[in-house]
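In what follows, a single structure is set out as structure tokens and then discussed.
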2 protein chains.
Amino acid sequence: MGLVRSEIFTDQQNKISLLAKAFAHPARVAILQHIFNTDTCICGDLVDEIGLAQSTISQHLKELKTIGLIKGNIEGTSVCYCIDKEQWTEMKSIINQFLNQDITNTNCC
Amino acid sequence: MGLVRSEIFTDQQNKISLLAKAFAHPARVAILQHIFNTDTCICGDLVDEIGLAQSTISQHLKELKTIGLIKGNIEGTSVCYCIDKEQWTEMKSIINQFLNQDITNTNCC
DNA sequence: ATACTTAATCGTAATATTGCAATAAACAAA
DNA sequence: TTTGTTTATTGCAATATTACGATTAAGTAT
């Protein structure tokens with residue numbers, strides 16, 4: 001069907017999967033890494049840096065904005081994107097809580 | 001197009017996004033949590049636990065197996081799934097390296 | 001052998017995602 | 001105003017994902 005049945009999962013499960021989607025595409029990973037790597041905030045050079053069309057990059061930026069991990073400041077004619085530090089930290093904590101589940105219990109294989 | 005242009009990204013970026021896909025769906029999050037929570041390995045009760053059809057669960061299990069995070073042991077007529085500890089640890093390290101990028105540099109917004 | 005249980009696979013339908021060209025919007029510069 | 005620059009949006013087209021019923025495969029039990 002292509003339609004996720006979110007109702008049958010817990011809020012936490014839906015939240016984790018939503019956050020994971022942010023970096024479940026290499027372009028979004030690249031965008032986030034580039035924002036991290038440039039000490040000054042990012043503008044429109046993502047299109048040159050990554051080899052995708054401007055509209056495609058813009059769409060990925062929109063998704064990251066919707067999820068809440070980045071925010072954009074309009075600076076004249078260009079837009080400056082940066083990490084939303086609070087949200088990033090919260091995301092990290094949620095994901096880490098999931099990743100750090102105790103592995104020692106599973107002992108059959 | 002619906003076709004990810006993997007060639008234009010680094011191996012690391014592709015790897016991160018691939019791993020993230022493992023928990024970019026609430027059903028797979030639920031499956032992994034359930035394997036973690038039951039001290040004994042998982043069998044076919046995932047279908048009862050999560051409200052999805054048997055074939056759907058089986059498909060998600062296959063994806064998790066393909067990504068490498070779980071492995072299944074045939075035990076008579078049922079199958080026992082568990083976390084692949086080595087792979088899980090490696091995944092954690094790769095994801096954490098990405099999540100723990102220094103946030104202090106981004107200082108425009 | 002037959003019947004039952006369990007999980008994988010196949011086929012199909014529907015929705016989601018990715019990508020790009022073209023256009024629009026918003027601002028800057030001349 | 002006109003021109004250029006930059007980003008967002010719209011409108012496709014193509015591929016991917018999700019989900020389920022039906023079937024198959026493999027083992028158990030009778």
Side-chain angles (χ1 to χ4, degrees), chain A residues 1-9 13-14 17-18 20-31 34-35 40-67 70-82 108-109, chain B residues 1-9 13-14 17-18 20-31 34-35 40-67 70-82 108-109:
Chain A
M1 285 178 190
L3 171 75
V4 176
R5 296 190 47 196
S6 312
E7 344 82 59
I8 67 172
F9 301 105
Q13 286 160 349
N14 284 316
S17 63
L18 183 81
K21 258 177 208 158
F23 36 96
H25 192 289
R28 292 192 290 272
V29 171
I31 288 172
H34 195 266
I35 297 184
T40 164
C41 271
I42 216 54
C43 316
D45 39 26
L46 280 165
V47 179
D48 303 323
E49 197 70 25
I50 306 168
L52 290 172
Q54 181 267 323
S55 55
T56 308
I57 297 287
S58 193
Q59 207 175 311
H60 283 300
L61 284 167
K62 191 184 176 183
E63 283 178 71
L64 288 173
K65 239 191 314 185
T66 302
I67 295 173
I70 65 173
K71 44 186 177 176
N73 271 27
I74 298 169
E75 304 214 332
T77 167
S78 64
V79 176
C80 169
Y81 279 103
C82 59
C108 87
C109 316
Chain B
M1 286 177 187
L3 169 75
V4 176
R5 294 190 48 197
S6 312
E7 344 81 60
I8 67 172
F9 302 105
Q13 287 160 348
N14 284 316
S17 64
L18 184 81
K21 257 177 210 158
F23 35 96
H25 191 289
R28 291 194 290 272
V29 171
I31 288 172
H34 195 266
I35 297 184
T40 163
C41 272
I42 215 53
C43 314
D45 39 23
L46 279 165
V47 179
D48 303 324
E49 197 70 23
I50 306 169
L52 290 172
Q54 181 266 322
S55 53
T56 308
I57 297 287
S58 194
Q59 206 174 311
H60 283 299
L61 285 168
K62 191 185 175 183
E63 285 178 70
L64 289 172
K65 239 190 312 183
T66 302
I67 294 172
I70 65 172
K71 43 186 178 175
N73 271 28
I74 298 167
E75 302 214 333
T77 167
S78 64
V79 175
C80 167
Y81 280 102
C82 58
C108 87
C109 316

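Chain letters run A, B, ... following the sequence lines, proteins first, then strands; residues in each count from 1. Predicted, not measured: the structure shown is a model, and the values here were computed from it.
The minimum heavy-atom distance linking A27(B) with I50(B) is given by the pair O-CD1, 4.1 Å. The nearest pair of heavy atoms linking A20(A) to F23(B) is CB-O, 3.3 Å. Residues K21(A) and A24(B) share a closest heavy-atom pair of CE-O, 3.4 Å.
Atom CG of L61(B) is separated from atom C1' of dT9(C) by 14 Å (rounded to the nearest Å). Between the CG atom of N73(B) and the P atom of dA8(C) there is a distance of 12 Å, given to the nearest Å. Following rounding to the nearest Å, I70(B) (CD1) and dA8(C) (C1') show an atom-to-atom distance of 13 Å. For the pair I74(A) CD1 and dC27(C) P, the computed distance is 7 Å after rounding to whole Å. E75(A) places its CD atom 18 Å from the P atom of dA26(C), with the value rounded to the nearest Å. Atom-to-atom, NE2 of H25(A) to C1' of dA16(D) comes out at 11 Å; the value is rounded to the nearest Å. If you take CZ of R5(B) and C1' of dT15(D), they are 15 Å apart, rounded to a whole angstrom. Summarising the geometry, the separation between CG on L46(B) and P on dT6(C) is reported as 14 Å, rounded to the nearest angstrom.
Proximity of residues 50-59 of chain B to DNA chain D (heavy atom under 4.0 angstrom from any strand atom) is restricted to L52(B), A53(B), S55(B), T56(B), Q59(B).
For dA8(D), the OP1/OP2 oxygens have a side-chain nitrogen or oxygen of Y81(A) closer than 4.0 Å. Distances shorter than 4.0 Å separate none of the side-chain N or O atoms of H60(B) from OP1 or OP2 on dT17(D).
With dT5(D), dA16(C), dT28(D) as the choices, the nucleotide that has an atom nearest any side-chain atom of L3(A) turns out to be dA16(C). Nearest to the side chain of T77(A), among dT6(C), dA28(C), dT7(D), sits dA28(C).
With DNA chain D read from its 5' end, the first of the two nearest nucleotides for F9(A) and D45(A) is the one closest to D45(A).
Within the structure, the side chain to side chain donor-acceptor pair (under 3.5 Å) test picks out the following pairs touching residues 45-60 of chain B (sequence neighbours left out): R28(B)-H60(B).
Residues forming a side-chain contact (heavy atoms from CB on, under 4.5 Å) with L18(A) (at least two apart in sequence, or on another chain): none.
Judged by distance alone, the side chain of N14(B) and the main-chain N or O of S6(B) form a donor-acceptor pair under 3.5 Å.
Checking each of I31(B), L46(B), I57(B), V47(B) against L52(B) for a side chain to side chain contact (heavy atoms under 4.5 Å, CB included) leaves exactly one that passes, namely I57(B).
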